[in-house]
Amino acid sequence: MTELTEPRASISAAEFAEGVRKRLVQRWGVDEAAASPVQIYQAASQLVRDRMAPSWKCSNRRMAEGTTRTVGYLSAEYLLGRQLPNALLDAGMTDQFNEAMRELGFDPDDVIEAEHEPGLGNGGLGRLAACFMDSLASLDLPAIGYGIRYRYGIFEQVFDANGRQSEKPDDWLSAGDAWGYRQTERAQRVAFGGQVTEQGGHRVWHPAWSVQAVPYDYPIPGYASGRINTLRLWQSEALDGFDLQRFNQSDYGGAVQAQVRANTISAILYPEDSNTDGKRLRLEQQYFFVAASLADAIATFYHGQAHPDLSALPDHICFQLNDTHPVIGIAELMRILLDDFGYEWAQAWEITQRTFNYTCHTLLPEALEEWPRSLFAELLPRHMEIIERIDADFVRYLRDEQVDQERIDAMRIITRGEDPTIRMAYLATVGSTKVNGVAQLHSRLLQEVTLRDFHTVYPGKFTNVTNGVTPRRFMRLANPRLSDLITEGLGTDSWVADLSKLSGLEPLADDNGFVARFMHVKDDNKRDFALYAQRRYGFSPDPSTMFDVMVKRLHEYKRQSLKILAVIADYSDIIAGGSDNHRAQPRTVIFGAKAAPGYAMAKLTIQLINNVARVINADPRTDGLLKVYFPANYNISMAEHLIPATDLDEQISQAGKEASGTSNMKFALNGALTVGTLDGANVEIREKVGAENFFAFGLNVDQVHALDAEGYAPMAYYDKDARLRAAIDMVASGAFSHGDRDTYRQLVQDWLKHDQFMVMADFGAYMDAQRRIDQAYRQPDQWARKAILNIARCGSFSSDRAVEDYLTRIWMPGTRR
């Protein structure tokens, strides 16, 4: 018998429908016959939110007054996905909602899809933050997430007729915000610029201008826990947004100048920063949300006390710095303690170090943020003084530890030279209690390469917490057919709250009946995706083909170029009438990726992929063999349709470059097999599922370093591999640019002369792996068994487990739950 562990709501479908009707009348003055799906969505969301309000209030009171340390999660990104289906699941209202929508004359799916997904993140960083917030609430742990309520979030991606990416504002608030509570009474003042003077033996900051940070609170319900935590996103507004005197003098632009300046801070995620103005805006954003968040936390736990004992602040809350974006918080807390509350330097530094922990999400030096000292001093002059003192103290400590001058210079927080910069990852490492990587390999490389000198000086600071994903959104919601099959196989649905129970599926990989049902689930998911793609994007992939998927942010190290070159090589073989055509496994290759607006090589790669797809899909010789699609604007909503339908997941970054990845976990947990390098969390996934159930290829980290040391020559691989040569020659010939040989000249020259991420070196091994994959897929029963074993053995890649690891290794060491 199935054990139902989902919380059941004390509301009937009829009551749900009546609640929606009341809200339609109260807000829009319409009944269900005149309402739009957006209005129905808004009314249903308001009803669910209102019913959660008492539990939310209770959770907030328990957090503020309780004795358990609260987690303050500071992140520039939160990719939440649609909030209504997740809230319905956690509240146990999904069935009631579905029935109520049908009673009102609406398709429940149409109402769900009326929600505009908030694009408040760029990729894995934001998805991880959202997963962690879900798990913290589901594990009944007090937490508050802090970030920015971007007006437009990440851009909406558009492809023009030539396959080029362009960007449009993502107006996710166009139909209103059904979930955010504006909390004007909790607004904070955030200051910038000005100068610092000496007054009575104290340094006093006189800012030049200020804005108001207004919080919008979003409920983060836990699954079957009763806890509802808060995600508090700050919106920047002017303290005095309208100058009537200037308006009456016909200076209409000047009358709203302050509001425009303030609004710009929270306008968009990651403004293009190739110039000084863009860098200044990014730094303004980072300080804005961190300063508001620290002030809010102090207000929360000290309830407006005139003389609070902030030495106990680390006992109330520990802040997790999600990458380098919020690291300015270390200097800001020091400023608060020193200037606002009069603490001496030594005590303020001790409090600060105990309050912060740092998660590093990269191994790429260019991704470790650095700020020009001149810009930093102009915008945050008091913080610049504090960082200079931290740097000087750190240098003295290193000298006392007998560290040589060359290493000291390499480790300084502020670089030397004519144009010094502030290295935020170094400030985070010095100013935090713990530093963690996000996969075993990543953490090892942090300690041995990226932050090696710091690990030598502070070995006890470093630890690992491998990432995870929430099974609620990325299994239970995204893949209901598979979820029902898992529940049937295990005899309980308790796995949704304890993913380790998936191990009970392992014997069923040898059960012919279960394998057959799994294959039906995958086939049905593929048919559903084909219908979704036709409706949403205008293409209809053939569900009888292998769905070969590569979806992730477009970056050269992730090597979308390797995948598209392999596709071109296969196409070259097809049109040449290659002898393997009759044995080739028919494939549908699906890409999804956004490139940063200023990232020229990434955008050129997108253009190439789109034009390869155009040529291949129009060629009748590829019918039944190969099709390529690149739907625009990949996001969580698309992922929830695509991941359950995927047969083969591409995780092919150069070894040593991907920190962890989370999409690799989502795909494996949904029954896709992985082709991947031994990079990031791929290493751990392969160890868990077994080498025979993972298609590994390519150079490992040590081999990459060795090849680089001996002098990497990409042209040599082009010369000796006919498949690679055919693919690159097709690109260079203009075959995918209407005969224009110049369109992709920069890409071709980079592949043959530079190839920083060794696409050429791994191409042959990748093509060989794809032929092994073809052979395996032609045995569908065996492929399905491998997929089931992937699911059964990947239970540790839950964000619940990751949060438990943070709890015992970082937030509350020694805790046992």
Side-chain angles (χ1 to χ4, degrees), residues 45 52 71-90 112 115-139 141 143-150 153-154 170 172 177-180 216-223 225 227-234 269-270 289 293 320-323 325-326 359 361 438 465-478 496 499 551-553 594 634-640 643 659-666 669 797-803 806:
S45 298
M52 291 193 301
V71 176
Y73 204 77
L74 293 169
S75 179
E77 298 186 33
Y78 290 94
L79 269 174
L80 300 171
R82 290 189 173 113
Q83 295 171 83
L84 177 57
N86 193 71
L88 289 168
L89 174 67
D90 290 332
I112 292 294
E115 180 176 355
H116 193 137
E117 177 182 321
L120 304 177
N122 184 45
L125 190 77
R127 287 191 288 274
L128 184 73
C131 286
F132 281 179
M133 291 302 297
D134 174 270
S135 287
L136 282 159
S138 297
L139 293 170
L141 294 171
I144 182 166
Y146 286 112
I148 298 177
R149 188 178 185 258
Y150 302 103
I154 192 65
D170 178 16
W172 70 280
D177 185 355
W179 295 97
Y216 284 74
D217 285 1
Y218 294 80
I220 306 295
Y223 178 80
S225 72
R227 175 177 288 279
I228 300 177
N229 285 331
T230 298
L231 174 61
R232 184 160 291 153
L233 301 180
W234 300 97
L269 171 68
Y270 298 151
F289 95 86
S293 301
Q320 192 67 38
L321 302 169
N322 193 31
D323 216 354
H325 310 117
T359 300
H361 284 276
V438 290
V465 179
T466 298
N467 284 345
V469 300
T470 169
R472 270 75 66 182
R473 178 172 295 278
F474 291 108
M475 295 184 75
R476 184 65 185 83
L477 289 175
V496 180
L499 212 54
V551 287
K552 51 185 71 257
R553 180 167 52 91
K594 291 182 179 180
Y634 180 70
N635 58 13
I636 289 179
S637 298
M638 189 196 303
E640 290 174 350
I643 290 174
S660 169
T662 53
S663 66
N664 45 8
M665 302 169 186
K666 298 180 188 109
L669 284 165
F797 297 109
S798 166
S799 52
D800 296 348
R801 185 274 314 152
V803 164
Y806 273 102

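These numbers come from a predicted model, not from an experiment.
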Open item on the list: For Y218 and Y78, I'd like to know if the aromatic rings sit close, meaning centre-to-centre distance below 6.0 Å.
Closed with: no
- [ ] Determine, for D134 against R472, whether the closest basic-nitrogen to carboxylate-oxygen distance falls under 4.0 angstrom.
- [x] yes
TODO: Mark yes or no for whether S45, through its side chain, and A178, through its backbone, hold a donor-acceptor pair below 3.5 Å.
DONE: no
Going by atom type alone, with no hydrogens or angles, which donor-acceptor pairs under 3.5 Å involve a side-chain atom of residues 117-126 and a protein atom two or more places apart or on another chain?
| unit_1 | atom_1 | unit_2 | atom_2 | d |
| --- | --- | --- | --- | --- |
| E117 | OE1 | S637 | N | 2.8 |
| E117 | OE1 | S637 | OG | 2.6 |
| E117 | OE2 | I636 | N | 3.1 |

Task: Taking every non-hydrogen atom, the tightest pair across P221 and M52 - done: CB-SD, 4.0 Å
Task: Closest non-hydrogen atom pair between A76 and Y150, with its separation - done: O-OH, 2.7 Å
TODO: Search all heavy atoms of I154 against all heavy atoms of K594 and return the closest pair with its distance.
DONE: CG2-NZ, 3.8 Å
Open item on the list: Side chains of D177 and Y216: any donor to acceptor distance under 3.5 Å?
Closed with: no
- [ ] With the side chain counted from C-beta on, respond yes when I643 and L669 share a heavy-atom pair under 4.5 Å apart, and no when they do not.
- [x] no
- [ ] Please report the shortest heavy-atom distance between P85 and L477, naming the atom on each side.
- [x] O-CD2, 3.7 Å
TODO: Just do the side chain to side chain contact (heavy atoms under 4.5 Å, CB included) check on M665 and S660 with the steps written out, would you?
DONE: CA-CA 10 Å; M665 302 169 186; S660 169; 3.8 Å; yes
- [ ] Answer yes or no: is there a side-chain heavy-atom contact under 4.5 Å between V469 and F797?
- [x] no
Task: Reported CG-to-CG distance for the pair N229 and L136, which is rounded to 0.5 angstrom - done: 6.5 Å
Open item on the list: Check this for me, if you would: do E77 and R127 make a salt bridge, where the nitrogen-to-carboxylate-oxygen distance has to be below 4.0 angstrom?
Closed with: no
Task: Interatomic spacing from OH in Y634 to OG in S663 - rounded to 0.5 Å - done: 7.0 Å
- [ ] Please check if the side chain of S799 supplies one atom and the backbone of G468 the other of a donor-acceptor pair under 3.5 Å.
- [x] no
- [ ] Tell me, with the steps shown, if L89 and Y223 meet side chain to side chain contact (heavy atoms under 4.5 Å, CB included).
- [x] CA-CA 8 Å; L89 174 67; Y223 178 80; 4.2 Å; yes
- [ ] Return the minimal non-hydrogen interatomic distance between L141 and V803, and the atom names on each side.
- [x] CD1-CG1, 3.8 Å
Task: Sub-4.5 Å side-chain heavy-atom contact between L231 and D217 - done: no
Task: Criterion side chain to side chain contact (heavy atoms under 4.5 Å, CB included) on L128 and H361, from CA distance to verdict - done: CA-CA 11 Å; L128 184 73; H361 284 276; 3.4 Å; yes
Open item on the list: Once rounded to the nearest 0.5 Å, what's the spacing between atom CG of N635 and atom CD of E640?
Closed with: 9.0 Å
Task: Distance, nearest 0.5 Å, that separates CD1 of I220 from CG of L80 - done: 5.5 Å
- [ ] Might you point out which heavy atoms bring P471 and L499 nearest each other, and give the distance in Å?
- [x] CB-CD1, 3.7 Å
Open item on the list: Which residue is it: N467, T470, T662? I am looking for the one with a side-chain contact (heavy atoms from CB on, under 4.5 Å) to C131.
Closed with: T470
Open item on the list: Between E115 and L84 (side chain of the first, backbone of the second, donor and acceptor by atom type, cut-off under 3.5 Å), is there such a pair?
Closed with: yes
Task: Separation between CD1 of I112 and CG of L88, rounded to the nearest 0.5 Å - done: 5.5 Å
TODO: Give me the ring orientation class for W234 and Y146: parallel if the planes are under 30° apart, tilted from 30 to 60°, perpendicular past 60°.
DONE: parallel
Task: Side-chain donor/acceptor of S138 to backbone N/O of G222, under 3.5 Å - done: no
Open item on the list: We want to know whether Y806 and T359 form a side-chain donor-acceptor pair, criterion being a heavy-atom distance below 3.5 angstrom.
Closed with: yes
Task: Close side-chain approach of F289 to L74, heavy-atom, < 4.5 Å - done: yes
